[in-house]
Amino acid sequence: MPELPEVETLRRQLRPELIGRTIVSGRAFSSAKFTQATDLVGVSITEVTRRGKYLLFELEDDRELIVHLGMTGQLRMEPSAAEPDQYERAAWLLDDDRRFVFRDVRRFGRIAVVDAGDYSSLPTLHHLGPEPFDRALTGAVLHAALRSSDRRIKTQLLSQRPIAGVGNIYADEAAWLAMVNPTWRRVTRPEAERLLDALRHVLADGIEHGGTTLRDYRTVDGGEGEHQRHLECYGRGGRPCSRCGTELVAKSIDARTTTWCPVCQRR
DNA sequence: ACTGTAACCTGCAGGC
DNA sequence: TGCCTGCAGGTTACAG
């Protein structure tokens, strides 16, 4: 499910519910990916932040609870009496008699409890690139980052190194908007400028629309996002480009389906 | 240090 | 109806 707009939507919804709440107890599905959820007893949440696709719950004891949603993760608030379903992977009982629940059908998600700021156990977070809306991230900075590798632009974006939080949907959307071909291995400085503008544009739109619900993604209240109604490129292979009418092409690029317009996204 | 590939999981849609 | 294959918002371990 979850790219930056989906995770940011959840962060904004969870923050007022969780700040100041004390975790009474935690339970977890019996897999090392989730069992650290049980390490939190009698500790309160002081802030809810985000880096890329990672949700960070700051705790009063200078630790952080980190949640990554994988492909199918969901976060919910429930009354403590609610029946857990078979896909619940972690749940925390709060001092207001509600449960904060992590549900994840495919179990690609992950729960970690770390000392504040110590991300060495999560390689992608540890080496995460700048936030898309960080003012220090300029076209020149993105250009330099993309030049440091010969991998395809799409692959580099998905690596989380040049910029944080971009996944398959928003990578295809931004490349289309910027008229940059995702299969290129190098971009010019002006192309990098356009790509950064486009990334910011599609991510901001995604947040504005509460995220993209294709299958599993749900907001905290169980609702769907709206951004799937605004997609111009992702998932539209074989259909006409809304800019020029040419049939969009979909091919597997480094094992991820990638869609682009062979006319607009051409030099 | 970097890169490509397989692996981790389950559900669902489409073809036969 | 049922079986089989391929595909899905991601990250990470491992081999070269």
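All values below were derived from every heavy atom in this structure, side-chain atoms included, with hydrogens, water molecules and symmetry-related copies excluded. Reminder, nothing fancy here: chain letters follow the sequence lines and each chain counts from 1. Owing to the predicted nature of the structure, the values given are computational and were not obtained by experimental measurement.
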From CG of A/Asp150 over to C1' of B/dG4, roughly how many Å is that when rounded to an integer? 14 Å
Just checking A/Tyr234: base, sugar-phosphate only, or nothing, at a heavy-atom cut-off of under 4.0 Å? sugar-phosphate
Any carboxylate oxygen within less than 4.0 angstrom of a Lys/Arg side-chain nitrogen, looking at A/Asp150 and A/Arg186? yes
Which whole-number value in Å describes the distance from A/Ile66 CD1 to C/dT11 P? 13 Å
Rounded to whole angstroms, how far apart are CG on A/Asp85 and C1' on B/dT10? 13 Å
Taking a hydrophobic cluster as the set of Ile, Leu, Val, Met, Phe, Trp and Tyr residues connected by side-chain heavy atoms closer than 4.5 Å, whether directly or through intermediates, do A/Val113 and A/Val67 fall within one such cluster? yes
List the steps, then state whether side-chain hydrogen bond (donor to acceptor under 3.5 Å, both in side chains) holds for A/Arg218 with A/Gln74. CA-CA 6 Å; A/Arg218 292 295 182 280; A/Gln74 301 174 341; over 6 Å; no
Side-chain atoms of A/Thr257 come closest, of C/dG10, C/dA8, B/dG4, to C/dA8
Starting from the C-alpha separation in whole Å, work towards a yes-or-no answer on ring-ring contact (aromatic ring centres under 6.0 Å, His included) for A/Phe100 and A/Phe57. CA-CA 12 Å; A/Phe100 174 38; A/Phe57 302 85; 5.5 Å; yes
Strictly below 4.0 Å: does A/Ser149 bring a side-chain N or O up to OP1 or OP2 of B/dT3? yes
A/Phe29 six-ring face occupied by A/Arg89 cation (under 6.0 Å, within 45°): yes
Can a donor-acceptor pair be found between the side chains of A/Tyr217 and A/Glu224 at a distance below 3.5 Å? no
A/His126 has an atom NE2; how far is it from atom P of C/dT11, in whole Å? 16 Å
What pairs meet the ring-ring contact (aromatic ring centres under 6.0 Å, His included) rule with one or both residues in residues 143-197 of chain A, with sequence neighbours excluded? A/Tyr170-A/His227
Rounded off to whole Å, could you give me the CZ-to-P distance for the A/Arg215 and C/dG10 pair? 11 Å
Under 3.5 Å, N/O pairs linking protein and nucleotides 12-16 of chain C:
from	atom 1	to	atom 2	distance (Å)
C/dT12	OP2	A/Thr124	N	2.9
C/dT12	OP2	A/Thr124	OG1	2.4

Going by side-chain hydrogen bond (donor to acceptor under 3.5 Å, both in side chains), name the residues that satisfy it together with A/Ser149, two or more places apart in sequence or in a different chain. none
Going by the side chain to side chain donor-acceptor pair (under 3.5 Å) test, name the single residue among A/Asn168, A/Thr183, A/Asp254 that passes it with A/Lys154. A/Asn168
Below 4.0 Å: OP1/OP2 of C/dG10 and any side-chain N or O of A/Gln160: no
With 3.5 Å as the limit, what N/O pairs link the protein to nucleotides 6-9 of chain B?
from	atom 1	to	atom 2	distance (Å)
B/dC9	O3'	A/Arg107	NH2	3.1
B/dC9	O2	A/Arg106	NE	2.7
B/dC9	N3	A/Arg106	NH2	3.2

Rounded distance (Å) that lies between atom C1' of C/dG10 and atom CG of A/Leu55: 15 Å
Residue pairs, two or more places apart or on separate chains, that pass side chain to side chain donor-acceptor pair (under 3.5 Å) and touch residues 238-251 of chain A: A/Glu232-A/Ser242
Side chains of A/Arg151 and A/Gln156: is there a donor and an acceptor less than 3.5 Å apart? no
A/Trp92 and A/Phe34: same hydrophobic cluster, using ILVMFWY side-chain contacts below 4.5 Å? yes
Whole Å only: how far is the CD atom of A/Gln228 from the P atom of C/dA8? 17 Å
DNA chain B in dot-bracket, Watson-Crick or G-U pairs under 3.5 Å, [ ] crossing, | other strand? .|||||||.|||||||
Rounded to the nearest Å, what distance is computed from the CZ atom of residue A/Arg89 to the P atom of nucleotide C/dG10? 19 Å
N or O in side chain of A/His68 less than 4.0 angstrom from C/dT11 OP1/OP2: yes
